[in-house]
Amino acid sequence: MSKHSRPATSAADPALINCRIRALWAAGELTAAGREEYGRLLVEWAAAVRAEQ
């Protein structure tokens, strides 16, 4: 698990999740673990966006 990992919550802020996604990419090409974290964050971000609507 990445050092940036945090448990998914229903009250997550999409902007904060987006910052975590951008931080992953800032390091350059993603490792296998980074790709896994990226996928998890995308799912978390989508859920947070839906929860705001």
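No hydrogens, no waters, no symmetry mates; every other heavy atom, side chains included, goes into these values. Worth saying up front: this structure is predicted, and the values here are computed from it rather than measured.
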Self-check item: Atom of Leu41, atom of Ile17 and distance for their closest heavy-atom approach
Solution: O-CG2, 3.5 Å
Quiz item: If you round to the nearest 0.5 Å, how far is CG of Leu16 from CD1 of Ile21?
Solution: 11.0 Å
Practice problem: Could you tell me the separation between the CD atom of Glu37 and the CZ atom of Arg20, rounded to the nearest 0.5 Å? | Solution: 6.5 Å
Quiz item: Looking only at heavy atoms, which two atoms of Arg35 and Leu30 are closest? And how far apart?
Solution: NH1-O, 3.0 Å
Practice problem: List for me each residue that meets side chain to side chain contact (heavy atoms under 4.5 Å, CB included) alongside Val49, sequence neighbours excluded, and say none if there are none. | Solution: Pro14, Trp45, Gln53
Self-check item: Check ion pair Arg40-Glu36 (N to O, under 4.0 angstrom)
Solution: no
Exercise. Determine whether more than 12 heavy atoms belonging to other residues, nucleotides or ligands lie under 6.0 Å from atom CD of Glu52.
Key: yes
